[in-house]
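We count residues from 1, following the sequence as given. In listed order, ligands and their atoms are each counted from 1. If you're wondering where the values come from, they're calculated on a predicted model, not measured in any experiment.
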Amino acid sequence: MKIDIKKEVLEALEEGSAVVALESTIISHGMPYPENYEMAKKVEDLIRKEGAVPATIAIINGVIKVGLEEDELLHLARSEGVLKVSKRDFGYCISQGLTGATTVSGTMIIADMVGIEVFATGGIGGVHREANTTFDISRDLEELANLNVAVVCAGAKSILDLGLTLEYLETKGVEVIGYKTDKLPAFFTSSSEFDVTYRLDSSKEIAKVIDSKWRVTYGGIVVANPIPEEYSLDPKLISKTIEKAIEEAKEQNIKGKETTPYLLAKIKELTGNKSLEANLALVYNNATLAAKIAVELAKMK
Ligand code: PSU
Ligand code: MN
């Protein structure tokens, strides 16, 4: 399979220096234009500032790309005819020569193929509320179970069932490391009622966990980084909003891969853009921490 790796990413990988993978679904399907385009560029800048190389991953006209040019980011941000690509969509997207934005699961697959160990995103997918009847469990959890990539996120999106998501991760052997927190962050809010597996307070200690785990066994690691307090939304307000959004999704008969983008857009509408501001803030926060962890990991090698 041909993978087009941008020169600076390839060089960093060859010399074992820090690289951070970034997903593209968050660009094409997670946020509106033009905020998504600004976000896509700013996360790359933040990662560079910490001394790591950003590698945004997507499929452009049927070719897997690791590290994108600005015009490619812009195309993904405009999202015209861009597929949402998780594991099951690769074959179709590539063989048809289409453009696809990779989800956490899709991005992890490519990151693992090219040897990128740290990945920054907003929030991972997980077990949806009422999954007992809908069977809607994100593919993200399977890739976390199987691939050696550490995913830095603001916890799981609170549109999900956080308790069931944690149980699922436990079954699959995926630890959730809370960065400076004992409680699982819930994306738009900095905390939840659920405990993380372990709490660590430095990027160096997190890098050591990653390295030690992979000496013994394989699989992903979730690094849960709370949204900065000043951007954290009111838990009561956000939980009401989410319930309303889920109700509307049901009425509209939204299913499968449409669910997450629909809910995110609906929540943005219902909060008058507040959720978008929070989403941007937490993504930036995650990019910086991911880069710090990648730098520490590179030092250890
Ligand atoms: N986090 C965000 N915005 C997003 C997503 C995560 O802040 O849009 C995307 C990720 O790409 C994640 C996907 O993998 O939502 C999960 O979709 P699903 O529930 O269909 O698996
Ligand atoms: Mn799903």
Side-chain angles (χ1 to χ4, degrees), residues 21-33 35-36 39-40 42-43 56-59 76-77 79 82-90 100-111 119-145 147 149 151-162 164-165 168 185-189 220 222-227 231 233 238 242 245-246 249 254-268 271 275-287 290:
L22 294 160
E23 61 151 314
S24 41
T25 290
I26 191 172
I27 306 173
S28 296
H29 308 286
M31 288 179 192
Y33 180 80
E35 288 89 343
N36 56 357
M39 181 277 300
K42 188 163 165 190
V43 283
T56 305
I57 292 174
I59 302 172
L76 289 167
S79 191
V82 177
L83 270 186
K84 177 177 164 187
V85 176
S86 79
K87 181 170 181 170
R88 64 138 191 221
D89 310 286
F90 275 113
T102 48
T103 63
V104 169
S105 101
T107 306
M108 284 183 80
I109 290 170
I110 306 305
F119 167 19
T121 182
I124 55 168
V127 181
H128 280 259
R129 298 181 190 185
E130 299 179 32
N132 56 330
T133 53
T134 64
F135 265 53
D136 192 351
I137 300 175
S138 177
R139 180 69 208 174
D140 294 355
L141 300 183
E142 297 305 317
E143 256 60 68
L144 278 164
L147 302 178
V149 181
V151 180
V152 181
C153 60
K157 282 183 284 288
S158 39
I159 57 175
L160 304 167
D161 187 317
L162 297 183
L164 294 186
T165 300
Y168 202 96
F187 199 70
F188 297 122
T189 51
V222 173
V223 178
N225 185 28
I227 182 172
Y231 293 99
L233 301 182
I238 196 71
I242 288 167
I246 291 174
I254 305 291
K255 287 205 174 85
K257 72 198 271 191
E258 308 303 331
T259 304
T260 297
Y262 179 90
L263 291 176
L264 288 172
K266 198 37 117 192
I267 293 164
K268 173 186 166 282
T271 58
S275 68
L276 179 59
E277 282 164 32
N279 204 341
L280 291 167
L282 66 86
V283 170
Y284 299 148
N285 197 38
N286 295 343

Donor-acceptor contact below 3.5 Å, side chain Arg129 vs main chain Ser158: yes
Ser28 side-chain N/O to Val82 backbone N/O, donor-acceptor pair under 3.5 Å: no
N or O contact, Ser105 vs ligand 1, cut-off under 3.5 Å: no
Atom indices of ligand 1 within 4.0 angstrom of Gly30 heavy atoms, with elements: 8 (O)
Ligand 1 contact on Leu282 by region, counting heavy-atom pairs under 4.0 Å: neither
Heavy atom of the protein closest to atom 17 (O) of ligand 1 (residue, atom name, distance): Lys84 NZ, 3.2 Å
Ligand 1 atoms in contact with Thr103 (distance to a heavy atom under 4.0 Å): 11 (O), 14 (O)
Ligand 1 to Thr121 polar contact by distance, N or O atoms, under 3.5 Å: no
Tyr231, OH: over 12 other non-hydrogen atoms inside 6.0 angstrom: no
Pro226 backbone acceptor or donor facing Asn285 side chain under 3.5 Å: yes
Nearest heavy-atom neighbours spanning Leu282 and Ala154: CD1-CB, 3.7 Å
Any donor-acceptor N/O pair, Lys84 side chain to Lys257 backbone, under 3.5 Å: yes
Atoms of ligand 1 close to Thr260 [distance to a heavy atom under 4.0 angstrom, numbered from 1]: 15 (O), 17 (O), 18 (P), 19 (O), 20 (O)
Short side-chain to backbone donor-acceptor contact, Thr102 and Glu23, under 3.5 Å: no
Interfacing atoms of ligand 1 (cut-off 4.0 Å, heavy-atom, Asp140): 12 (C), 14 (O), 16 (C)
Least distance between heavy atoms, Gly123 atom then Val104 atom: O-CG2, 4.4 Å
Main-chain N/O of Ala101 paired to Thr25 side chain as donor or acceptor, under 3.5 Å: yes
Minimum-distance protein heavy atom relative to atom 11 (O) of ligand 1: Glu23 OE1, 2.5 Å
Ala111 versus Ile57, closest heavy-atom pair with distance: N-CD1, 4.0 Å
Nearest atoms (heavy-atom pairs only) where Asp140 meets Ile124: OD2-C, 3.8 Å
Residue and atom names of protein N/O/S atoms that fall under 2.8 Å from the Mn ion (ligand 2): Asp136 OD1
Any N/O pair Ser138/ligand 1 closer than 3.5 Å: yes
Residue Phe187 vicinity, atoms of ligand 1 by number, heavy atom under 4.0 Å: 2 (C), 7 (O)
Stepwise side chain to side chain contact (heavy atoms under 4.5 Å, CB included) test for Phe90 and Ile110: CA-CA 10 Å; Phe90 275 113; Ile110 306 305; 3.8 Å; yes
Per-residue contact class, Asn279 against ligand 1 - non-hydrogen pairs under 4.0 Å: side chain
Contact (N/O only, under 3.5 Å) between Lys157 and ligand 1: yes
Subset of ligand 1 atoms that lie under 4.0 Å from at least one heavy atom of Leu264: 3 (N), 4 (C), 8 (O)
For the student: nearest non-hydrogen atoms of Leu144 and Val151, plus distance: CD2-CG2, 3.8 Å
Proximal atoms of ligand 1 relative to His128 (non-hydrogen, under 4.0 Å): 19 (O)
